[in-house]
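Worth knowing before you read on, the calculation uses all heavy atoms, side chains too, and leaves out hydrogens, waters and symmetry mates. Proteins come first, then strands; the chains are lettered A, B, ... in the order of their sequence lines, and each starts at number 1.
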Amino acid sequence: MPAYRYVNAIESAANGTDVVVKSSSGSTTPLSELSRYVAAMLQGKAGGDNTQELEAWRRAKEATLRECNELYRRLGVLLNDDDVRGELLRADASACNRGSSGFAPIQVRSVRRHHGHLSSGQGRALYLSRKARRHAGIQRAQGDPLPMIIQKSDGASLYATTDLAAALFRCAHPTKHPVDLKTPALADMLAKLGGGLGADRVIYHVGSPQKLHFDMLFPAVHALGWSRKPDGTRTLLEHVSFGSVLGEDRKMLRTRSGDSVKLKELLEEAVDRAEKQLRETESDADKKRGFSDGEIRQVAETVGIAAVKYADLCQNRNTDYVFSWDKMLALQGNTAPYLLYAYARIRSIHRKGAESGSAGQGGTIMLAEPAERDLALAILKFPEVIDSVADALMPNYLCEYLYDLAGRFMTFYENCPVLKAPDAAIAASRLRLCDLTARALKLGLGLMGIRTLERM
RNA sequence: GCGCCCGUAGCUCAGUUGGAUAGAGCAUCGGAUUUCUAAUCCGAUGGUCGCAGGUUCGAGUCCUGCCGGGCGCGCCA
């Protein structure tokens, strides 16, 4: 059972009790006191015996990871438990308790108690200098400092604290990127994590509502000098934001509200629809490929998942988009199945070509027909497109390109017989065009984690 | 109140440093299968690029204002 169901159950149980408090926006937020306590407890700041609670938390975490890993496997995502850095949760805010010296040139100051319901004590925050703020392009009216709170009044650390620690972990490396840490507590933490990753580029793929958070985090990391490498260059920290998924009412679908669509269910539905379509063609005497039941399920699995991945990636990531089952699971038009179909058609030609002995690589490519020329020109654009996608981190450029490439191939396919070409030289030339197209499609789709099919 | 993002065809969206008659999918309508996979192809219909100014030889794209929508703003993540 996924962990969010435990959380939902606890939340509904607590509904209507005195744990419900009013948030600053006027709405009631249940459990805020309790969740604050839990946060402190997990960081060992709550005191008392919490063995039972810690055990419950451990179970919830395990259940969550199990569910995630299952989805990762199905999606071909390579992350596993070794990539989880839960220790960073313990990033200790006390590392900056010794005052501002550890974080120079950033000021660490106490923050005033903001809401009345906090426990006693004072939180602490990083204040970026005016220069650092200006450099980051953060303008705040009347220049009042923008604090990044890294320690709560009860001593617990927050999102910003762990993200700060995580940034250090990702930038630093014992030899490639040694970082001079002025606080022993931080050095200890880093050592325990193996000294850091020494990354050249760190990409934060996080929704756009958190833009402000990164606008504070990155300048802080740079100002602390953590990103500065021995050769004078800096680790690149990038927030690759993406828009929100909206419901039909145009309101944001929120993961934590629990009313969003579950990925698992989405994948099931996608695979079901792909299978239904496949069984339909199999029942048509003219179209049937002669797949076995097992093959049908395998193909449907690949097609369905490809459709979902592609539907998500082909949109400009910055814009919010309205969720629609039909769009997400479409099998016609600008979709993964269209690209997979183009690929399968090419592979089919190669299989038949191999049978008749006309297969072969290399040789001259002749571009006599307009369709041949259009296809060849598209193939030539491939490297340039890959570069721009990597640079701008916009997968939709790649989708747009691949759809265009596949479209040109389809036109070529309809107009230029390959194996039945007028002569052997033309056949060889067209076969080579087919092969180059297939390789571009496979590589491009592969970059988006989409597997190709030899037959579909 | 302050800040960020968005407004393009009936619907969902592209439009990558400003560049030629603004593109695609879906939907609608009409065609194509004795030929390598019809999950395909070809064609048609459909837009005052929210509104008003400005900069420019040239603006969907840049600037200003307005209207409409979304998101965020000191101890949630």
Residues A:Asp272 and A:Lys276 bridged, charged N to O under 4.0 Å: no

Checking base pairs now: Watson-Crick or wobble, both atom distances under 3.5 Å. What partners B:U12? B:A24

Provide the distance between the two C1' atoms, one in B:C49 and one in B:A14, to the nearest whole Å. 13 Å

Pair assignment for B:C75, Watson-Crick or G-U wobble, requiring both distances under 3.5 Å: none

Note: A:Glu62-A:Arg58 ion pair, threshold 4.0 Å (strictly below): yes

Please report, rounded to the nearest Å, how far the C1' atom of B:A24 is from the CG atom of A:Leu402. 15 Å

From the set B:C36, B:A14, B:C75, return the single nucleotide nearest to any side-chain atom of A:Leu158. B:C75

Just how far, in rounded Å, is P of B:C13 from CD of A:Gln315? 6 Å

P atoms of B:C51 and B:C26, separation to the nearest Å: 28 Å

Answer with base, sugar-phosphate or nothing: what part of the nucleic acid does A:Pro417 contact at a heavy-atom distance below 4.0 Å? base

What's the closest nucleotide to the A:Arg345 side chain, out of B:A24, B:U37, B:A14? B:U37

Identify the nucleotide, in any strand shown, that forms a Watson-Crick or G-U wobble pair with B:C57, with both distances under 3.5 Å; if there is none, say none. B:G19

Taking A:Gly449's backbone N and O only, do any of them form a donor-acceptor pair with A:Lys309's side chain (distance below 3.5 Å, no angle check)? yes

5'-most contact on RNA chain B (nearest-nucleotide basis), A:Gln210 vs A:Gly407, goes to A:Gly407

When the C1' atoms of B:A59 and B:U48 are considered, how many whole Å apart are they? 15 Å

It should be established whether A:Arg289 places a side-chain nitrogen or oxygen under 4.0 Å from OP1 or OP2 of nucleotide B:A39. yes

Looking at every strand, decide which applies to A:Cys416 at a 4.0 Å heavy-atom threshold: base, sugar-phosphate, or nothing. base

Using a strict cut-off of less than 4.0 Å between a Lys/Arg side-chain nitrogen and an Asp/Glu carboxylate oxygen, indicate whether A:Lys211 and A:Asp215 qualify as a salt bridge. yes

Applying a 4.0 Å non-hydrogen cut-off, can you work out what A:Glu454 is touching in the nucleic acid: base, sugar-phosphate, or nothing? base

Can you figure out which of B:U40, B:G72, B:A14 approaches the side chain of A:Tyr341 most closely? B:U40

Is the distance between the ring centroids of A:His213 and A:Tyr159 less than 6.0 Å? yes

Carboxylate-amine/guanidinium proximity below 4.0 Å for A:Asp293 and A:Arg279: yes

Using a cut-off of strictly less than 4.0 Å, decide whether A:Lys352 has a side-chain nitrogen or oxygen near OP1 or OP2 of B:U37. yes

Answer yes or no: is there an ion pair linking A:Arg201 with A:Glu238, defined by an N-O contact shorter than 4.0 Å? yes

Nearest-Å distance, OH (A:Tyr403) to P (B:A39)? 15 Å

Considering only atom C1', compute the distance from B:U45 to B:G19 and round it to an integer number of Å. 29 Å

Starting the side chain at C-beta, find the nucleotide from B:C4, B:U37, B:C13 nearest to A:Lys327. B:C13

When the C1' atoms of B:A27 and B:U12 are compared, how many Å lie between them, rounded to an integer? 11 Å

Polar side-chain atom of A:Glu282 near backbone of A:Arg289 as donor-acceptor pair, under 3.5 Å: yes

Using the P atoms only, state how far B:G30 lies from B:C11, rounded to an integer number of Å. 23 Å

From the list B:C36, B:G15, B:C13, which nucleotide is the closest neighbour of the side chain of A:Asn316? B:G15

B:C36 P sits how many Å from A:Asp435 CG, rounded? 21 Å

Just checking A:Thr411: base, sugar-phosphate only, or nothing, at a heavy-atom cut-off of under 4.0 Å? sugar-phosphate

So does A:Asn334 get a side-chain nitrogen or oxygen closer than 4.0 Å to the phosphate oxygens (OP1/OP2) of B:C26? no

Looking at A:Ser324, does any N or O in its side chain come under 4.0 Å of the phosphate oxygens OP1/OP2 on B:C26? no

Nearest to the side chain of A:Gln277, which nucleotide is it out of B:C36, B:A39, B:C13? B:A39

Give the nucleotide from the list B:G15, B:A38, B:A77 with an atom nearest to the side chain of A:Tyr159. B:A77

Between A:Ser208 and B:G72, is there a side-chain N or O to OP1/OP2 distance below 4.0 Å? no

Could you tell me whether A:Ala344 contacts a base, only the sugar-phosphate backbone, or nothing, with contacts defined as non-hydrogen atoms closer than 4.0 Å? base

Examine B:G15: is either OP1 or OP2 under 4.0 Å from a nitrogen or oxygen in the side chain of A:Asn396? Give yes or no. yes

Scan A:Met394 against the nucleic acid and name what it touches under 4.0 Å (heavy atoms): base, sugar-phosphate only, or nothing. nothing

Just checking A:Tyr321: base, sugar-phosphate only, or nothing, at a heavy-atom cut-off of under 4.0 Å? sugar-phosphate

Looking only at the side chain of A:Leu212 (C-beta and beyond, no hydrogens), which of the listed nucleotides B:C73, B:A39, B:C36 gets closest? B:C73

Can you find a side chain N or O atom of A:Tyr338 that sits less than 4.0 Å from OP1 or OP2 on B:A24? no

Using Watson-Crick geometry (N1-N3 plus N6-O4 or O6-N4) or G-U wobble (N1-O2, O6-N3), each under 3.5 Å, B:U35 is paired with none

Within this structure, what is the OH-to-P distance between A:Tyr397 and B:C13, rounded to whole angstrom? 18 Å

If you assign each of A:Ala160 and A:Gln332 to its closest nucleotide in RNA chain B, which residue comes earlier from the 5' end? A:Gln332

Nucleotide paired to B:C66 in any strand shown, Watson-Crick or G-U, under 3.5 Å: B:G50

Without decimals, in angstroms, what is the distance between A:Asp320 CG and B:G70 C1'? 6 Å

Tell me whether the guanidinium CZ or amine NZ of A:Arg345 lies under 6.0 angstrom from the six-membered ring centre of A:Phe409 and within 45° of its axis. no

Interatomic distance where CD belongs to A:Glu282 and C1' belongs to B:A38 [whole Å]: 14 Å

Roughly how many Å apart are B:G68 and B:C75, using the P atom of each and rounding to a whole number? 31 Å

Under 4.0 Å from OP1 or OP2 of B:C76: is there any side-chain N or O of A:Lys152 that close? yes

With a 3.5 Å limit on both atom pairs, tell me what B:C29 is paired to, counting Watson-Crick and G-U wobble, or say none. B:G43

Tell me what A:Glu280 touches on the nucleic acid: a base, only sugar-phosphate, or nothing, going by heavy atoms under 4.0 Å. nothing

Using side chain to side chain donor-acceptor pair (under 3.5 Å), reason through A:Asp312 and A:Tyr321 one step at a time and then give a plain yes or no. CA-CA 10 Å; A:Asp312 197 46; A:Tyr321 71 92; 2.6 Å; yes

For A:Leu340, which contact category applies under a 4.0 Å heavy-atom criterion: base, sugar-phosphate, or nothing? nothing

Given the C1' atoms of B:A9 and B:C5, what is the spacing between them in whole Å? 24 Å

